[in-house]
Undergrad: 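Just passing along the structure, written as structure tokens.
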Amino acid sequence: MHTAWTRQAVQVLESEANRSADTHLIRLDLPAFPGIPLYLKDESVHPTGSLKHRLARSLFLYAICNGWLQAEQPVVEASSGSTAISEAYFARLLGLPFFAVMPRSTSRDKVAQIEFFGGHCHFIDDTDVYGAAQRLAAALGGHYMDQFTYAERATDWRGNNNIAESIFRQMQREPDPDPRWIVVPAGTGGTSATIGRYIRYRSAQHAPVRLAVVDPEHSVFYDYYACRDSSLHLNRGSRIEGIGRPRVEPSFLPSVIDRMMRVPDAASIAALRLLEQLLGRRCGGSTGTNLVGALQLMSELQEAGERGPVVTLICDGGDRYRCSYYNDEWIASEGLDLAPQLARLEAVVRQGRWID
């Protein structure tokens, strides 16, 4: 049975959503790609600075409406990144304690942002953040939010201002309103599941739209898409924070994806330098991965003599990555050489064709 707290909590979350304007859709016309505009959905302008703001709100609503989350109950999540920052924000709105389970190596910048929103960071020395989060939730009498299981279930993929509906609504008045490709990264799998389902749900109202998912190094999604072996596992995490996973997550739905693309980490980080030249601003690493995939697809459209827009995401801003992607010492410590990748991507933008 629902309680007074449940009604109040839902009202708080709905009020927060009503205060938030939609995110911008930035059009970028590259002269070497005539008739193939690039659109960037800027998710960095959410109150918590990333695409994960939408997910966190949906996860809280899902847990509350399922009766899993009650007044004063601690919330626990396995995340050291943007999801934890966003969940800490919503937990504070609802007056709930929040705990993020993360590796001890997590950057101080991320820890500081979680703590800014009132969250607590629970550090572990191994890689089993999932098990540690479950154990901590049990010990605290709390609720384990489990973004990797519930991301694709918590979001209303048919509408309710989800990211897919927002993209298509904002494209309506563009000269060519139907994207040829939408390019997103794989993290939880929730964004690709939402967009892929929405494309099919609204297929009678728009021209064919295809969904491409980009995957960084040290992630199993690209291989899983090819072989469907859910037991795939890696012993290390992705360099590109927020995307790429060492195991196949339950929210990742390969059947709604038209194409998977693997992007080298050096290319993802070099693409951030290129995007700074094009937009005059810094973005997070997953946005670089998106840009590499988008440029390759734009090149393929051009080579085939096709025209039409390509849409991708600015997942978060670059301020969170001053000590990593924008730090030459960190890049050198990772053994990465950005110069060849940056030169290649700059040539792609100048020439309008993909260069392997």
Side-chain angles (χ1 to χ4, degrees), residues 22-30 33 37-55 80-86 107 109-110 112-113 163 166-167 170 181-188 191-192 195 212-217 219 238-244 261 263-298 309-328 330-331 334 336 338-339 341-342 344-346 348-349:
D22 203 353
T23 59
H24 309 305
L25 187 65
I26 301 168
R27 176 171 170 144
L28 187 60
D29 290 291
L30 302 176
F33 292 96
L38 175 63
Y39 292 83
L40 299 114
K41 179 73 166 161
D42 187 3
E43 294 293 289
S44 72
V45 298
H46 284 295
T48 55
S50 82
L51 169 66
K52 299 300 185 180
H53 192 85
R54 295 179 189 267
L55 172 61
S80 59
S82 296
T83 302
I85 294 167
S86 296
S107 73
D109 286 343
K110 289 285 183 72
Q113 287 192 296
I163 190 168
S166 178
I167 288 170
Q170 290 177 315
W181 286 99
I182 297 178
V183 184
V184 300
T188 61
T191 300
S192 58
I195 294 175
V213 172
V214 287
D215 201 32
E217 295 176 29
S219 176
S238 170
R239 281 194 195 96
I240 309 302
E241 293 186 35
I243 63 172
M261 309 171 75
V263 178
D265 289 351
S268 293
I269 300 171
L272 299 180
R273 307 295 198 272
L274 175 63
L275 196 57
E276 190 173 5
Q277 297 173 26
L278 297 172
L279 288 183
R281 54 182 290 192
R282 290 182 168 183
C283 301
S286 55
T287 304
T289 313
N290 290 340
L291 180 61
V292 175
L295 288 173
Q296 182 173 343
L297 293 169
M298 292 165 69
V310 172
V311 178
T312 192
L313 309 178
I314 296 175
C315 298
D316 61 0
D319 288 347
R320 298 175 179 179
Y321 307 100
R322 290 171 297 180
C323 296
S324 54
Y325 309 136
Y326 294 97
N327 183 311
D328 290 340
W330 180 89
I331 290 168
E334 291 291 316
L336 297 173
L338 304 190
Q341 293 286 358
L342 179 57
R344 180 171 68 93
L345 293 171
E346 289 175 336
V348 170
V349 169

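FYI, the numbering just counts along the sequence from 1. Bear in mind the structure is a predicted one, so any value in this text is a computation, not a measurement.
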Undergrad: Classify the side-chain pair Arg281/Ser44 by whether it contains a donor and acceptor separated by less than 3.5 Å.
TA: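 Yes.
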Undergrad: Output, in order, the C-alpha distance, side-chain angles, deciding distance and verdict of side chain to side chain contact (heavy atoms under 4.5 Å, CB included) for Asp316 and Lys52.
TA: CA-CA 9 Å; Asp316 61 0; Lys52 299 300 185 180; over 6 Å; no
Undergrad: Side chains of Ile182 and Tyr39: does their closest heavy-atom pair fall under 4.5 Å?
TA: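 Counting from C-beta outward, Ile182 and Tyr39 never come under 4.5 Å.
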Undergrad: After noting the C-alpha distance and the side-chain angles of Asp319 and Arg282, does the key distance pass the side chain to side chain contact (heavy atoms under 4.5 Å, CB included) rule?
TA: CA-CA 7 Å; Asp319 288 347; Arg282 290 182 168 183; 5.8 Å; no
Undergrad: Measure the shortest side-chain to side-chain distance between Val349 and Gln277 over non-hydrogen atoms and say whether it is less than 4.5 angstrom.
TA: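 No, their side chains stay 4.5 Å or more apart.
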Undergrad: Any idea which heavy atoms bring Ser86 and Ser50 closest together, and the distance?
TA: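 Here Ser86 and Ser50 meet closest at OG-OG, 4.1 Å.
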Undergrad: Counting C-beta onward and ignoring hydrogens, is there a side-chain heavy-atom pair between Thr23 and Leu51 closer than 4.5 Å?
TA: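 Not touching, per the 4.5 Å side-chain cut-off.
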Undergrad: Look up atom CD in Glu43 and atom OG1 in Thr48, then write down how far apart they are to the nearest 0.5 Å.
TA: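 Rounded to the nearest 0.5 Å, the CD-OG1 separation comes out at 10.0 Å.
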Undergrad: Where do Asn290 and Pro185 come nearest, in terms of heavy atoms and distance?
TA: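 Taking every non-hydrogen atom into account, OD1-CD, 3.2 Å.
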Undergrad: Val214 versus Thr312: any side-chain heavy-atom pair under 4.5 Å?
TA: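 In short, these two side chains do not touch, never coming nearer than 4.5 Å.
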Undergrad: Of all heavy-atom pairs between Asn327 and Arg322, which one has the smallest distance, and what is that distance?
TA: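 Heavy atoms of Asn327 and Arg322 come nearest at CB-O, 3.4 Å.
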Undergrad: What distance separates Cys283 SG from Asp42 CG, expressed to the nearest 0.5 Å?
TA: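 That separation rounds to 7.0 Å.
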Undergrad: Does Glu346 reach the side chain of Arg273, with side-chain heavy atoms less than 4.5 Å apart?
TA: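 No, side chains not in contact.
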Undergrad: Can you list the steps and then say if Leu279 with Ile314 is a side chain to side chain contact (heavy atoms under 4.5 Å, CB included)?
TA: CA-CA 11 Å; Leu279 288 183; Ile314 296 175; 4.0 Å; yes
Undergrad: Can you tell me how the ring of His46 sits relative to the ring of His53, calling it parallel under 30°, perpendicular over 60° and tilted otherwise?
TA: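 Parallel, since the angle between the ring planes stays under 30°.
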Undergrad: When rounded to the nearest 0.5 angstrom, what is the spacing between CZ in Arg239 and OG1 in Thr289?
TA: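 That separation rounds to 12.0 Å.
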Undergrad: Looking only at heavy atoms, what is the nearest atom pair of Asp22 and Ser166, with distance?
TA: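 Answer, listing the atom of Asp22 first, then Ser166: OD2-OG, 2.6 Å.
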Undergrad: When you look at Ile163 and Leu313, which way does the side chain to side chain contact (heavy atoms under 4.5 Å, CB included) test go after all the steps?
TA: CA-CA 10 Å; Ile163 190 168; Leu313 309 178; 3.7 Å; yes
Undergrad: Which atom names give the shortest non-hydrogen contact between Tyr326 and Glu276, and what distance separates them?
TA: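 Scanning both residues completely, I find the closest heavy atoms to be CE2-OE1, 4.1 Å.
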Undergrad: State plainly whether the residues Glu241 and Lys110 are in salt-bridge range, i.e. N to O under 4.0 Å.
TA: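 Yes, this pair counts.
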Undergrad: Between CG of Leu38 and CZ of Arg27, what distance do you get to the nearest 0.5 Å?
TA: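 Rounded to the nearest 0.5 Å, the CG-CZ separation comes to 10.0 Å.
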Undergrad: Any side-chain heavy atom of Asp265 sitting closer than 4.5 Å to one from Glu334?
TA: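 Asp265 vs Glu334: side chains apart.
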Undergrad: Drop me the distance from Leu336's CG to Tyr325's OH, to the nearest 0.5 angstrom.
TA: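 If we round to the nearest 0.5 Å, Leu336:CG and Tyr325:OH are 10.0 Å apart.
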Undergrad: Just by modelled atom types, is the Gly288 backbone N or O under 3.5 Å from a matching donor or acceptor in the Ser268 side chain?
TA: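 Between the backbone of Gly288 and the side chain of Ser268 there is no qualifying donor-acceptor contact (under 3.5 Å).
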Undergrad: With the side chain counted from C-beta on, respond yes when Leu295 and Leu274 share a heavy-atom pair under 4.5 Å apart, and no when they do not.
TA: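 The answer is yes, as the side chains (C-beta and beyond) meet within the 4.5 Å cut-off.
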Undergrad: For residues Ile85 and Arg320, determine if any side-chain heavy atom of one lies less than 4.5 Å from a side-chain heavy atom of the other.
TA: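 Yes, close enough: below the 4.5 Å cut-off.
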Undergrad: Provide the closest heavy-atom pair for Tyr321 versus Ser82 in the form atom of the first, atom of the second, distance.
TA: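 For Tyr321 versus Ser82, the nearest heavy atoms are OH-OG, 4.4 Å.
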